[in-house]
**Student:** 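Just passing along the structure, written as structure tokens.
These numbers come from a predicted model, not from an experiment.
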Amino acid sequence: YLQTKLLEINLIGGAPQVADAIMQNGILTHYDRAHIGKLCERAGMWQRAAEHYSDINDIKRVFKNSHQMNPEFVVTYFGKLNREQSIALLKDMMSRGPSNMQVCVEVAKKYNDELGSEELVKVFENAKATEGLYYYLGAVVNFSEDPVVHFKYIQSACMLGQFKEAERVCRDSNIYKPEQVKEYLKNAKLPDPRPLIHVCDRYDFVDELTEYLYLNSLLQYVEVYVTKVSPAKTPQVVGKLFDLGANEDFTKRILMAVGTACPVEEMVEIAEMRNRLRMLQPWLEARVATGSTEPGTHNSLGKIYIQMNKDPKAFLTNNMFYEPKVLGPFCESLDPSLAFVAYKKGAGECDDELIKISFTHGLFRDLARYLVERQDLELWAKVLTKEEGEEGDIDAEKESQRRQLIDQVVEWALPESESADEVSCTVKAFMAADLPGELIVLLERIILQGSDFSDNKNLQNLLILTAIRADHTKVASYIDQLDNFDAKDIALICVSESHMLYEEAFTIYVKFAKPEHTTDKEEQIEMQVLAMGVLVDYMKDLDRAKTFANQVDEKPVWSKLGNAQLEEKMAADAILSFISAEDASEYVRVCAEANEAEIYAEVIPFLKMARKNLQENLLDTELIYAYAKTNNLTDLEKFVNGPNVANIQNIGDRCFSEGLYNASKILFKSINNNSKLALCHIHLEEYREAVAAASLANNVSTWKQVCFACLKASEFRLAATCGLEVIKYPDHVDDVVTTYSDLGHFD
């Protein structure tokens, strides 16, 4: 009560400043706030009065004098009110005219989140405060995600003539509803349509934009749109202009202004749909003049030239950038020959289409030339391979077309060609298609009747190969007439199991072994060896082979013959061949075959030849054995006394076992095997020499054998000499006595 009274006295007593100071200090807290508020209101202290009221009606009444309040106080004061009170107070303030608009804008800015943009917008709209709404929304639009805020801002900006700001939001904002904004801007019919342009561009209302600008005579903005804003959407704009019946000169002008920035394929598609393709000719030609290589540009220009018959063949032939798969079908209904030119330009990409149109319209000569030039075996197979029906029958019509094509190839396309590779590929294709008869005729015409390709190796190869496959009776004639073919390869094919043309293969090798065909000596010999191989490996004619070897007289040839003769167990002939070849590489087999055939005299020259380059135990051993078997003791003794690597003991035992005692005697003597030597003398009845050898051997066994042999031969004195030596070994005396007794020599 006292605090209330204190303030009342000052306010009523004419000292409101004192009361204001007291309230400013905040020392009084327990007083009647409503009563004091009324006293402050009477005293004209509007801010103090507002601070003491809580009823909205009181507050509204006080705020009728808001123009006398500090704006900062007003803005801050709204923070003390709830949402409903704030909205009600704002409405009241805005209803009192534009004097409160600025402070209301500040309140709306500050308390936007608390009060809600939707309600705040209604406050300004109800008060028809467009400017206030614009300033309020301008402060929050960049941060708000409310579509209403963005739409109302665009709307207020347009109403106030702030077209730049409206354009900015239309261009940058992703929040507003495009349809809503578009409809508003169209209905508003602004003098500056750029906000509408941005909305329509961003949200693809291009047709509506074009129609709006055209119908409202804003043609300059049409050009601005396609040149500055979105050149890529020029086709849509032009398409709509076509539909609206716009002046062609204007349409051409904007196309030329956009230039290469306009997507050509879409533009052409739209023009074709409306049958206005020719109108694009200047624009397309300008693009080409700037160096454009876009296929779409050249495709479209090609269509125009074809429709206008403006030297279309030259265009299709010389232009490098159009797409054959596009212009080919376009030409088919107009001129099949032009379609052929287009497909041909595809360099393989349109082969199926090219074949189809050629067969359909009878373009066989053109197709034949194309096939020859393409040099593609897979492509040839498509046209040359016979197609059978479901029941295995050949389609008569297709077969007729195939025959016509083949005739054109044989009669025109291939003879006209100046490329060996083209001719070669064509021939291979005919071979793959099983057309040997046609091939032979063609190749004979090219090669044998004289042409630029008469000496072509590939063609000569193919002619012979075709004959080998189809008519082998002509092969020998071709081999005789032709000189520039792959002799080795052709000969190998001739001797294969599938052909067995051995005589022809032999002829090839003999022909190319001559100096006029093969200058290198080693290659000549190689050919001769291969020729010998045909004779011995395939023809099995060793007599003819021997004659041939004598004719050429080359060591590798003799070696080849020798091996073949060995295989056929003709050891003597083989030995002579190897001697002629000076080839000892097969000495093991030669020795084995010679022993089996017992041709020791014949093998001696071979062994002597072999020893010149080889130092082998087998060679020396077999040579000694051959000397022994032929009783050539002089040479044998000379050989064993000279340097050798023979196993003398083994060969001596071998000769001894076979009764070749004279040879054995020489061998055992050379290695001082006196025991064996004594036995050899015994068998040769050379008893005195046997006793001499036994004395050198000086062992009881040898003495006994010699003693017994002398007794049997009645050489008692020599036997006695041996017996006296045996007596030195008491254990063996009984054997000697027994032998004497058995033979009846008791005296």
**Student:** Heavy-atom count check: over 12 atoms from other residues, nucleotides or ligands less than 6.0 Å from Gln615 CD?
**Tutor:** no

**Student:** Examine the side chains of Asp471 and Thr473 and answer whether a donor and an acceptor come within less than 3.5 Å of each other.
**Tutor:** yes

**Student:** Ignoring hydrogens and angles, state whether a donor on the side chain of Glu582 or Asn613 is under 3.5 Å from an acceptor on the partner side chain.
**Tutor:** no

**Student:** Determine, for Arg369 against Glu411, whether the closest basic-nitrogen to carboxylate-oxygen distance falls under 4.0 angstrom.
**Tutor:** no

**Student:** Between Gln528 and Ala513, which heavy-atom pair has the shortest distance, and what is it?
**Tutor:** CG-CB, 3.7 Å

**Student:** If only side-chain N and O atoms count, and only distance matters, is there a donor-acceptor pair under 3.5 Å linking Asn632 with Asp635?
**Tutor:** yes

**Student:** Using the rule side chain to side chain contact (heavy atoms under 4.5 Å, CB included), only one of Asp583, Val552, Asn550, Asn563 pairs with Trp558; which is it?
**Tutor:** Asn550

**Student:** Are Phe321 and His298 near enough that their ring centres are under 6.0 Å apart?
**Tutor:** yes

**Student:** What I want to check is whether the side chains of Gln524 and Asp520 have a donor and an acceptor closer together than 3.5 Å.
**Tutor:** no

**Student:** Would the Phe359 and Phe364 ring centres measure less than 6.0 Å apart?
**Tutor:** yes

**Student:** Once the angle between the rings of Tyr305 and Phe315 is folded into 0 to 90°, is it parallel (under 30°), tilted (30 to 60°) or perpendicular (over 60°)?
**Tutor:** perpendicular

**Student:** Checking Asp407 against Trp412: is there a side-chain donor and acceptor pair closer than 3.5 Å?
**Tutor:** no

**Student:** Assert yes or no for the condition that the ring centre distance of Phe506 to Phe548 is strictly below 6.0 Å.
**Tutor:** yes

**Student:** Is it true that the side chains of Gln565 and Ser577 contain a donor and an acceptor less than 3.5 Å apart?
**Tutor:** yes

**Student:** Between Cys655 and Tyr625, what is the shortest heavy-atom contact and its length?
**Tutor:** SG-CD1, 4.4 Å

**Student:** Any salt bridge linking Asp620 with Arg611? Criterion: basic side-chain nitrogen under 4.0 Å from a carboxylate oxygen.
**Tutor:** yes

**Student:** Using 30° and 60° as the class boundaries, would you call the ring planes of Tyr661 and His683 parallel, tilted or perpendicular?
**Tutor:** parallel

**Student:** State, to 0.1 Å, how close Gly302 and Leu327 come at their nearest heavy-atom pair, and which atoms those are.
**Tutor:** CA-CD1, 4.2 Å

**Student:** Within a reach of under 6.0 Å around NZ of Lys676, are more than 12 heavy atoms found that belong to other residues, nucleotides or ligands?
**Tutor:** yes

**Student:** Check the orientation of Phe512 and His517. Use parallel for under 30°, tilted for 30 to 60°, and perpendicular for over 60°.
**Tutor:** tilted

